[in-house]
A.B. asks: 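Provided herewith is a single structure, encoded as structure tokens, for subsequent inquiry.
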Amino acid sequence: MTADYIKGGWYERDDRYVAVPAILQNGVGVDQDFTNADDIRRSPYYQDFLAKHGRRWFAGLGFRTEGDGWVLSIQRTIAQGPFLREETQQLKALLKPLAEAATLAKKLAFSRVAGLADALELIGQPCIVFDERGCVLTINALADGLVDALIDVRTRMLSLGDPRSQARFDFLLKAAAQGMTHPSTPAVAAVRDRYGVRHVVRAIALHGWARYPFTGARALALFEARRPTGEATQAALRAAFGLTPAEARLALALVDVGSLKEAARRNHVTYETARTYLKAIFLKTGMRRQAELAALIARCLV
């Protein structure tokens, strides 16, 4: 029945969707709340789909977990008959434990997602985890240094600014979110952001994560930015913005590794000294964020 629901496209023609807002508001909803016998006789959903599987009646239990709305659907056969009012009252007793279990499952699964991003950071890999809608679920510090200024705070989506690159990235992410890629053969695309920085993106489907539906984690995007390095670029930065040699070295290290702490370690200075350098770099370049600084350097030194 579940396979038919998906393959037959019934998820796009489910008459019960109309009842979801009321179910989430009231906690429980049944067929009698939104349809009648005449509508059921005329409905392809009831006659061509449910009847084929010997089903007709249902009760939906609506609950929320940290802002997400969920409806647990309980199906009955034609012979079992509709749910009675006293039964819906009994079902309401399940709402609190369902919401508690879902909230706990979401927190535990999100910790696992965050752990994956942090583990990739330890090996120097910028990454972002996306949900099924293409929204950013979590991002490690290395990726944050690359694309922080590109994430729309309203939609939590990555907005590259370049239409062709955006279309390429969206297609790549959709393929991964729908499970069309595999860790051994990730989909790859080269894109440019609104600052002209070129990124190579690898998208991987998180196949095993369907066991954790409350996180929504579906795709992992690994980023690699092409940036200039070397003594010549340090000299160019010093000439263009009046940076000191130490500031120029830190600026290049920062856009290369994305983390101020790692950039400080690479340049053999303390974190506090690196912070002082960064403030001076921002002041001299007119930038305020690491992503903007990386884009500025890429534009100036290409």
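Here the structure is a predicted model, which is why all the values come from computation and not from measurement.
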A.B. asks: Heavy-atom distance under 4.5 Å between the side chains of W70 and L61, does that happen here?
C.D. replies: no

A.B. asks: Could you name each residue pair satisfying salt bridge (charged side-chain N to carboxylate O under 4.0 Å, His left out) that touches residues 76-94, not counting sequence neighbours?
C.D. replies: D33-R85, R76-E87

A.B. asks: What residues form a ring pair (Phe, Tyr, Trp, His ring centres under 6.0 Å) with Y46, not counting sequence neighbours?
C.D. replies: none

A.B. asks: Are D31 and R56 close enough that some pair of their side-chain heavy atoms sits under 4.5 Å apart?
C.D. replies: no

A.B. asks: Which value, rounded to the nearest 0.5 Å, describes the distance between L283 atom CG and E247 atom CD?
C.D. replies: 9.5 Å

A.B. asks: Evaluate the side-chain proximity of F58 to R16: yes if any heavy-atom separation is below 4.5 Å, no if none is.
C.D. replies: yes

A.B. asks: Roughly how far apart are K279 NZ and I281 CD1, rounded to 0.5 Å?
C.D. replies: 12.5 Å

A.B. asks: Is the closest side-chain donor-acceptor distance between S159 and D152 under 3.5 Å?
C.D. replies: no

A.B. asks: Looking only at atom types and distance, does a side-chain atom of D131 sit under 3.5 Å from a main-chain N or O of C135, one as donor and one as acceptor?
C.D. replies: yes

A.B. asks: What distance do L160 atom CG and H199 atom NE2 have between them, rounded to the nearest 0.5 Å?
C.D. replies: 7.0 Å

A.B. asks: Less than 3.5 Å apart, any donor N or O on the side chain of D170 or Q166 sitting next to an acceptor on the other?
C.D. replies: yes

A.B. asks: Check ring pair (Phe, Tyr, Trp, His ring centres under 6.0 Å) between Y5 and all other residues, then give those that pass, not counting sequence neighbours.
C.D. replies: F49

A.B. asks: Are the side chains of L24 and R64 in contact, using a 4.5 Å heavy-atom criterion?
C.D. replies: yes

A.B. asks: Start with the C-alpha gap between T273 and T276, add the side-chain angles, then the distance that decides, and say whether side-chain hydrogen bond (donor to acceptor under 3.5 Å, both in side chains) holds.
C.D. replies: CA-CA 5 Å; T273 298; T276 301; 6.0 Å; no

